[in-house]
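Only one structure is covered here, and it is reproduced in the block below.
Note that the numbering runs from 1 along the sequence shown for the chain. Computed from a predicted model, the values in this text were never measured in an experiment.
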Amino acid sequence: MQFHLNGYRSGDPDIAEAIDQPGPKDEVDVLIVGCGPAGLTLAAQLSQFPTIRTGIIEQRPGPLEVGQADGVACRTMEMFEAFGFAHRIAREAYWVNEAAFWTPDPDQPEQIIRSGRIDDVEDDLSEMPHTVLNQARVQDFYLEVMRNAPTRLTPDYGCILANLTVDRTQDFPVTATVETGGNATTIKARYIIGCDGARSAVRRAISLKLTGDAANKAWGVMDLLATTDFPDVRLKALVRSASEGSALVIPREGGYMFRLYIELDKLSADERVADRDVTANDLIAAANRIFAPYSFDVKEIPWWSVYEIGQRICDRFDDDASDPCVFIAGDACHTHSPKAGQGMNISMQDAFNLGWKLAAVLEGRSPPKLLSTYSAERQTVAQDLIDFDRAFASLLSAEADPAKVQHYFTKHGRYTAGVETQYKPSIITAADTHQALASGLIIGKRFHSAPVIRLADAKPMQLGHVASADGRWRLYLFADEEPPIDESAPIWQLCDELLANAPKDADLDSKLDVRATFQQPHRDLSLEAAHPFLLFAKGRYGLKDYEKMFCVDPSANIYKMRGIDPGGAMVLVRPDQYVAHVLPLNANADLQAFLGEIML
């Protein structure tokens, strides 16, 4: 973490210096509707930009206290690191380390026995764990980021979006009518984002529909404080009984609470789960039947619900392919069952994808055409989730072969960890022409971090953790084998060219944050002999940034771990942590041509 660049400030460095945002309160650059995971991810990111006026409204009377979602994928933890609170999630959450599988006992089919136990996450899948934490706590962390941001952004609660119109001839094309306590007000916005759930008013306003099928299957879910003789209650466990259905155990944070997903009877074609008047006691009774010979003595139920399995999706996530100003994210554009643990994660990734693009366009750093990539990228991801969820939900049913369930779970571990998303070539994702130069940093996928040693202070760290949610692109330079102080070395010559291309009226890293990694041990290199581009002055005092250079960690060589060619490579990474391009060190012209399409 870096601070004091422009002068000493006492107190918590996470609390930025507040700024005043001039202009009328009823005109904003971005209006976010909904304070769920997607809305708050977007708001937390936009709150960091002093020049962007953001508003966020929520129909609930206050912050969420008990959340439905709880699974936090490894990829989401990587994103939380960019927001600065991954370590707090890790401290508080339950870590999903292993998964157990229970099936009918061949000798006593009316009882279950453990049939398998596997690692939940494969080795080196991510530096981050798979965790479980109440959605409300995740949202608390986002709200704190917003309160501490330069803009001091806070939601307006008790607000209902009553109407929405768009007139692209206006500077503020969006007009939103908001009702609060019976009073109606009008808010003008350049962009509006509907993060307002499956019954999204924003989606209805732009005539988009969720389409798909219901599976005619009902499940119950409940968070429990209970005593039990089931031995794997502190493991993620998939349970299939012979005749009473299936269940899923998800341990919760705090060491005592756990969640049960409980399969209920199949619904008829025209039946809704609400018609059955299912009670909490019904769910407890069903759990005790499924888990026999084990049982649960329930002391408290903090939260429970019943739901129908269904997968629905919109065919696009904005109002106009060429000039969008209305967007939808999260449950507003895709819904599915909760058992795969992907809903909250995918929703937050929707918002993370959109946030940096809105900021870049609003600040004049990128052309408006950048915004069209949001729907193109995320609709495909959501469709993949729908397909996965349909297959996964079917496998968890009582009719499924338990061996197939375990095999499917193992095979798709990378998907459930959130690291399999790969964006197709576009104006912000290049072709894989030079992929062989960094075979483990795949173009279109998230930047897979690895250990390095920071040159200036010998600090062991993860290279990917230098990236914060500040809207900047990252360029990771992996030097060749030659000494980096040699002016004839490819890395030195590339730095000459990058210095010539850097901004002349702002800090050199204001648009493109360049970091270099060397193959030599850190004690063999001289910091003061580094290229000036990697040790430049910045800020009002002209202080040097000593955190741009790294060396390999001898215990975990990033070149070997990520398949980086000894001859070196450039890896360009988007503000949302996805690899945009891989290039040789002598291809600065190609790099500048690529950036020229998306940076003004």
Side-chain angles (χ1 to χ4, degrees), residues 1-2 4-5 81 123-124 127 434-441 447-468 474-502 507-509 512-539 542-573 579 581-588 591:
M1 184 178 188
Q2 291 179 290
H4 298 326
L5 173 62
E81 177 64 29
D123 290 343
D124 194 35
E127 78 279 13
H434 300 288
Q435 183 67 77
L437 295 176
S439 59
L441 299 173
F447 181 80
H448 192 178
S449 183
V452 290
I453 304 292
R454 196 160 60 199
L455 178 58
D457 58 0
K459 179 182 179 180
M461 61 181 295
Q462 288 284 334
L463 182 58
H465 293 187
V466 303
S468 59
R474 264 80 197 180
L475 180 63
Y476 295 98
L477 308 181
F478 294 97
D480 57 287
E481 296 176 295
E482 295 185 42
I485 61 173
D486 187 341
E487 295 187 11
S488 65
I491 188 70
W492 188 282
Q493 295 180 0
L494 173 60
C495 286
D496 279 342
E497 296 174 3
L498 291 173
L499 182 59
N501 294 131
D507 289 339
L508 297 185
D509 60 355
L512 184 64
D513 181 16
V514 180
R515 312 279 177 148
T517 300
F518 306 119
Q519 299 187 46
Q520 292 78 11
H522 68 279
R523 292 182 179 176
D524 292 354
L525 295 181
S526 173
L527 182 72
E528 61 271 16
H531 194 287
F533 182 67
L534 300 175
L535 193 63
F536 59 86
K538 60 193 290 189
L543 304 179
K544 290 185 177 180
D545 188 337
Y546 292 96
E547 301 191 3
K548 299 293 188 183
M549 292 176 283
F550 305 86
C551 295
V552 294
D553 184 330
S555 65
N557 189 311
I558 190 173
Y559 281 73
K560 295 179 180 179
M561 292 179 69
R562 300 296 171 252
I564 300 168
D565 192 287
M570 288 188 282
V571 178
L572 181 66
V573 178
V579 177
H581 214 336
V582 173
L583 289 163
L585 295 177
N586 63 358
N588 181 56
L591 172 68

- prompt: After noting the C-alpha distance and the side-chain angles of K548 and L455, does the key distance pass the side chain to side chain contact (heavy atoms under 4.5 Å, CB included) rule?
  reply: CA-CA 8 Å; K548 299 293 188 183; L455 178 58; over 6 Å; no
Non-hydrogen side-chain atoms of [X] and [Y] separated by less than 4.5 Å:
X    : Y    : answer
L527 : M549 : yes
M570 : P584 : no
E482 : W492 : no
H531 : I491 : no
L463 : F447 : yes
F478 : L437 : no
D457 : Y546 : no
N588 : L498 : yes

- prompt: Take atom CG in L499; do more than 12 heavy atoms of anything else shown fall under 6.0 Å from it?
  reply: yes
How many angstroms lie between [atom1] in [X] and [atom2] in [Y], if you round to the nearest 0.5 Å?
X    : Y    : atom1 : atom2 : value
E497 : L591 : CD    : CG    : 10.0 Å
N557 : R562 : CG    : CZ    : 11.0 Å
L512 : N501 : CG    : CG    : 9.5 Å
L543 : H4   : CG    : NE2   : 11.0 Å
R454 : R515 : CZ    : CZ    : 8.5 Å

Donor-acceptor under 3.5 Å ([X] side chain, [Y] main chain):
X    : Y    : value
D507 : D509 : no
H448 : D124 : yes
Q519 : V552 : no
Q520 : E481 : yes

- request: Evaluate side chain to side chain contact (heavy atoms under 4.5 Å, CB included) for V571 paired with V579, printing each intermediate quantity in order.
  value: CA-CA 7 Å; V571 178; V579 177; 3.9 Å; yes
field: I558/D553 under side chain to side chain contact (heavy atoms under 4.5 Å, CB included): CA gap, chis, key distance, verdict
entry: CA-CA 7 Å; I558 190 173; D553 184 330; over 6 Å; no
- prompt: side chain to side chain contact (heavy atoms under 4.5 Å, CB included) between E127 and E81: does it pass, once the steps are laid out?
  reply: CA-CA 11 Å; E127 78 279 13; E81 177 64 29; 5.8 Å; no
query: Got a sec, which residues hit ring pair (Phe, Tyr, Trp, His ring centres under 6.0 Å) with F550, two or more places apart in sequence or on another chain?
result: none
